[in-house]
Engineer: 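Before we start, here is the structure in question, set down as structure tokens.
For reference, positions follow the sequence shown, starting with 1. What you see is a predicted model; the values in this text were computed from it and never measured. As a basis for the values below, the full set of heavy atoms in this structure was taken, side chains included, without hydrogen atoms, waters or symmetry mates.
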Amino acid sequence: MYHRILVPIDGSKTAALGLQEAIRLAAEQKSGLHLLHVIDDFPMLVEMANVVAYNNVIHSLREYGEKLLSDARALAAKSGIQAEVALREVTGGRVATIVLAEAKAAGCDLIVMGTHGRRGVSRLTLGSDAELVVRASPVPVLLVRHPGEEPA
């Protein structure tokens, strides 16, 4: 049914649960995974002290993203699942926009992502990239929430 599943990961527990679910689905469907990590550097630009500090932080974020993707690819491989990886950066935009563009560019027919399930004021103040993906995605989206988290 699904041939390529996009899995955005950010190092959070909910993203890890989304990855686990995507690996399970990929094994059942004999699908491949497309793992995505997005570096959002907008908060650093707002608080940036100087260009050198910014460059050092971006370098560290890229290394972290590459390690995260490498570890996720290895986890998929342990289950016999092939996974492609993509590291993208966004400045002043929404992570959701990058997720949707990546799904289209990579030919994904399902997006599996973790969500905190926030509602109300916390969703409004923190924003919800998961909600934006669900609303705008041309392909099905499976949201996975950490079972111990209560929606706010």
Engineer: Apply side-chain contact (heavy atoms from CB on, under 4.5 Å) to Ile23 and Leu75, showing your working.
Structural biologist: CA-CA 9 Å; Ile23 289 171; Leu75 186 63; 3.9 Å; yes
Engineer: How long is the gap from CG on Leu143 to CD1 on Ile111, to the nearest 0.5 Å?
Structural biologist: 9.5 Å
Engineer: Just verifying a value: how many Å separate Leu69 CG and Lys67 NZ, rounded to the nearest 0.5 Å?
Structural biologist: 11.0 Å
Engineer: Quick one: pull up CD in Glu66 and CG in Asp71 and give me the separation to the nearest 0.5 Å.
Structural biologist: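 Reported value, rounded in 0.5 Å steps: 12.0 Å.
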Engineer: Side-chain contact, heavy-atom cut-off 4.5 Å: Leu25 with Val112?
Structural biologist: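 Of all side-chain heavy-atom pairs linking Val112 with Leu25, at least one is under 4.5 Å.
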Engineer: Testing the basics here: between Leu100 and Leu132, what is the closest heavy-atom pair and its distance to 0.1 Å?
Structural biologist: CD1-O, 4.3 Å
Engineer: Should the pair Glu28-Arg24 be classified as a salt bridge under the 4.0 Å nitrogen-to-oxygen rule?
Structural biologist: yes
Engineer: To check you understand the geometry: which heavy-atom pair defines the closest contact between Ala83 and Ala76, and what is its length?
Structural biologist: CB-CB, 4.2 Å
Engineer: Rounded to the nearest 0.5 Å, how far does CD of Gln20 lie from OG of Ser79?
Structural biologist: 9.5 Å
Engineer: What do you reckon, is CD of Gln82 surrounded by more than 12 foreign heavy atoms closer than 6.0 Å?
Structural biologist: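 Open.
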Engineer: Atom NZ in Lys104, atom OG in Ser137: separation rounded to 0.5 Å?
Structural biologist: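 OG of Ser137 is found 12.0 Å from NZ of Lys104.
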Engineer: Is it the case that the side chain of Glu89 and the backbone of Ile39 share a donor-acceptor pair, with hydrogens and angles ignored and the cut-off at 3.5 Å?
Structural biologist: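 Not a single qualifying donor-acceptor pair exists.
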Engineer: Using every non-hydrogen atom in the two residues, find where Pro140 and Leu110 come nearest and quote the distance to one decimal.
Structural biologist: O-CD1, 3.4 Å
Engineer: How close do Leu33 and Leu19 get, heavy atom to heavy atom, and via which atoms?
Structural biologist: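 For Leu33 versus Leu19, the nearest heavy atoms are CD1-CD1, 4.4 Å.
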Engineer: Looking at every non-hydrogen atom in both residues, tell me the closest pair between Glu102 and Ala86 and how far apart they are.
Structural biologist: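 For Glu102 versus Ala86, the nearest heavy atoms are OE2-CB, 3.4 Å.
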Engineer: Determine, for Arg135 against Glu131, whether the closest basic-nitrogen to carboxylate-oxygen distance falls under 4.0 angstrom.
Structural biologist: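 Looking at Arg135 and Glu131, the cut-off is met.
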Engineer: Which heavy atom in Gly65 sits nearest to a heavy atom in Leu87, and how many Å separate them?
Structural biologist: CA-CD1, 4.1 Å
Engineer: Tell me whether Arg88 contacts the main-chain N or O of Ile98 through its side chain, where contact means a donor paired with an acceptor under 3.5 Å.
Structural biologist: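 Checked: no pair found.
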Engineer: Apply the side chain to side chain contact (heavy atoms under 4.5 Å, CB included) test between Leu35 and each candidate in Ile5, Leu68, Val7; give the one that qualifies.
Structural biologist: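 Testing Leu35 for a side chain to side chain contact (heavy atoms under 4.5 Å, CB included) against Ile5, Leu68, Val7 leaves exactly one candidate, Val7.
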Engineer: Working to the nearest 0.5 Å, report the span between CG of Leu17 and OG of Ser12.
Structural biologist: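 With rounding to 0.5 Å, CG (Leu17) is 8.5 Å from OG (Ser12).
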